[in-house]
2 protein chains.
Amino acid sequence: MAVNLDEAVNLDDIDWAIIGQLQQEARISLSELGRRVKLSSSATTERVRNLESLGVITGYHAVVDLAKVGYPVLAIVRLKYPGNRHQPLRRLLAERQEILECLRTTGDDCYTLKVAARSMEHLETLVDELAGFGSTTTNVVYSQTLAYRGPGHP
Amino acid sequence: MAVNLDEAVNLDDIDWAIIGQLQQEARISLSELGRRVKLSSSATTERVRNLESLGVITGYHAVVDLAKVGYPVLAIVRLKYPGNRHQPLRRLLAERQEILECLRTTGDDCYTLKVAARSMEHLETLVDELAGFGSTTTNVVYSQTLAYRGPGHP
DNA sequence: CCTGAAAATGTGACCGC
DNA sequence: GCGGTCACATTTTCAGG
């Protein structure tokens with residue numbers, strides 16, 4: 001079964017309903033999901049498996065309260081990365097679990113990272129490590145003003 | 001049952017193992033999870049329910065390939081928001097599902113948003129809407145250089 | 001996409017450490 | 001408190017239509 005890696009997939013209303021439900025509550029049973037989207041559990045299962053193998057759904061993840069697990073400091077670090085030797089940075093990303101997300105973008109600051117730290121001191125050491133690669137701009141996050149969400153049915 | 005909203009929770013190795021597994025694969029069965037952390041399914045269930053009610057685990061979410069569902073453009077928009085009338089912005093965030101994330105931070109740009117768009121034109125209209133609130137800086141994302149991950153056991 | 005039966009899992013009461 | 005065992009309800013899976 002060939003998987004198209006680039007283009008959009010055609011999704012009908014039921015697919016969108018399934019995606020919407022699983023984006024909000026990924027651990028509901030397939031039968032409960034079927035009830036919500038008005039499909040039998042076997043049809044629902046097949047739809048979900050299909051969305052997974054098409055790569056539409058890429059995974060299911062528990063989300064954790066960072067403060068409660070001992071990472072009360074969240075920051076956004078932008079990194080201006082001169083040159084194109086990206087390998088060492090990749091290595092750091094793989095090693096440091098405190099780096100939660102790394103986006104490569106247009107603009108002066110090539111990378112934007114989301115970093116969780118156990119304290120301001122900890123954040124300082126993390127930023128120092130990143131500063132070894134280029135100049136950094138750090139902003140500490142006060143609050144996340146939006147509950148989790150994904151894209152919706154256009 | 002009172003829930004402490006501020007402080008960190010004491011987690012043992014098994015709790016961390018459970019969190020680690022569910023961060024990676026949130027839809028595994030509780031018995032499978034029990035097998036992986038070497039606990040019976042009922043003990044595992046109790047641990048998971050406890051982590052949920054303590055607010056350590058805040059939810060389970062399916063993650064979707066944005067391009068495959070028709071949002072091939074991802075951007076980071078920083079918003080310099082003068083004054084303190086945050087209500088109208090909240091309203092926009094609630095309405096526009098294209099805004100996936102909104103962090104309020106220290107620094108000149110008070111808000112950092114992650115925005116998904118169906119096209120560059122669509123992104124333009126979204127940024128225009130945001131520009132109604134203050135000056136914006138937009139960076140388009142080339143790639144996400146890190147698989148999903150959460151905080152790890154210190 | 002549905003039904004239906006067998007296997008696996010979820011749930012909760014109860015016991016032992 | 002914390003985890004294991006057991007019985008019963010629900011869900012998952014897969015054949016067949």
Side-chain angles (χ1 to χ4, degrees), chain A residues 1-4 8-65 68-70 148 150 153, chain B residues 1-64 68-70 150-154:
Chain A
M1 184 191 309
V3 175
N4 188 324
V9 173
N10 263 353
L11 303 172
D12 63 19
D13 290 351
I14 296 182
D15 289 324
W16 274 107
I18 288 173
I19 290 170
Q21 291 296 323
L22 291 177
Q23 281 181 334
Q24 291 179 58
E25 290 186 72
R27 274 185 69 82
I28 59 174
S29 71
L30 292 167
S31 9
E32 173 59 23
L33 180 58
R35 260 169 246 131
R36 297 189 190 179
V37 304
K38 299 180 201 313
L39 232 55
S40 73
S41 72
S42 53
T44 308
T45 305
E46 201 187 323
R47 291 249 191 179
V48 172
R49 300 274 176 270
N50 192 234
L51 291 170
E52 290 168 354
S53 68
L54 286 172
V56 172
I57 295 175
T58 60
Y60 306 93
H61 306 285
V63 172
V64 154
D65 182 312
K68 294 239 170 75
V69 298
Y148 178 89
H153 191 166
Chain B
M1 184 190 313
V3 176
N4 188 325
L5 288 172
D6 287 32
E7 278 173 38
V9 173
N10 263 354
L11 303 171
D12 64 18
D13 290 352
I14 296 181
D15 289 324
W16 274 108
I18 288 173
I19 290 170
Q21 290 297 322
L22 290 178
Q23 281 180 332
Q24 291 178 58
E25 290 187 72
R27 275 185 68 83
I28 58 174
S29 71
L30 291 169
S31 4
E32 173 59 24
L33 180 59
R35 258 168 248 132
R36 296 190 190 179
V37 304
K38 299 180 200 316
L39 231 55
S40 73
S41 73
S42 53
T44 308
T45 306
E46 203 186 321
R47 292 254 192 175
V48 172
R49 299 276 177 270
N50 193 234
L51 291 170
E52 290 167 354
S53 68
L54 286 171
V56 172
I57 295 176
T58 60
Y60 306 93
H61 305 286
V63 172
V64 153
K68 293 239 171 77
V69 298
H153 191 168

(request) Indicate, with a heavy-atom threshold strictly under 4.0 Å, whether B:Ser40 touches base, sugar-phosphate, or nothing. (result) base

(message) Need one value for A:Arg27: base, sugar-phosphate or nothing, where a base atom within 4.0 Å counts as base even if backbone is also close, heavy atoms only.
(response) nothing

Return the value, rounded to whole Å, for the distance between atom [atom1] of [X] and atom [atom2] of [N].
X	N	atom1	atom2	result
A:Leu33	C:dC1	CG	P	13 Å
B:Arg49	C:dG10	CZ	P	9 Å
B:Ile28	D:dT12	CD1	C1'	16 Å
B:Glu32	C:dA8	CD	P	13 Å
B:Asn50	C:dT11	CG	C1'	17 Å
A:Leu30	C:dC1	CG	P	14 Å
A:Ile14	C:dC1	CD1	P	6 Å
B:Leu54	D:dG1	CG	C1'	15 Å

(message) Show, in sequence, the C-alpha distance, side-chain angles and deciding distance for B:Leu51 and B:Leu11, and conclude whether the side-chain contact (heavy atoms from CB on, under 4.5 Å) test is met.
(response) CA-CA 9 Å; B:Leu51 291 170; B:Leu11 303 171; 3.7 Å; yes

(message) Keeping A:Arg27 on the side-chain end and B:Ile28 on the backbone end, is there a donor-acceptor pair under 3.5 Å?
(response)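 Yes; judged by distance alone, with no hydrogens or angles, the pair exists.
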
(message) For the backbone of A:Ser41 and the side chain of A:Ser31, can you confirm whether one donor and one acceptor N or O come within less than 3.5 Å of each other?
(response) no

(request) Indicate yes or no: does A:Glu46 engage A:Arg49 in a salt bridge with an N to O separation below 4.0 Å. (result) no

(request) Take B:Thr45 and A:Ala43, find for each the nucleotide of DNA chain C with the closest heavy atom, and name the residue whose nucleotide sits nearer the 5' end. (result)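 This one resolves to A:Ala43.
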
Given [options], the nucleotide with the shortest approach to the side chain of [X]:
X	options	answer
A:Ser41	C:dT9, C:dT11, D:dT13	D:dT13
A:Leu39	D:dT13, D:dT11, C:dC2	C:dC2
B:Arg35	C:dT9, D:dC2, D:dT12	C:dT9

(message) Would you compute the distance between atom CD of B:Glu32 and atom OG1 of B:Thr44 and round it to the nearest 0.5 angstrom?
(response) 10.5 Å

(message) Between the base of D:dT5 and the side chain of B:Ser42, is one N or O donor paired with an acceptor at under 3.5 angstrom?
(response)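 Indeed there is one.
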
(message) For a quick test of reading the model: is some side-chain N or O of B:Ser29 closer than 4.0 Å to OP1 or OP2 of D:dT12?
(response)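 For B:Ser29, the contact criterion (side-chain N or O under 4.0 Å from OP1 or OP2 of D:dT12) is not met.
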
(message) Any side-chain N or O of A:Ser31 below 4.0 angstrom from OP1/OP2 of D:dT10?
(response) no

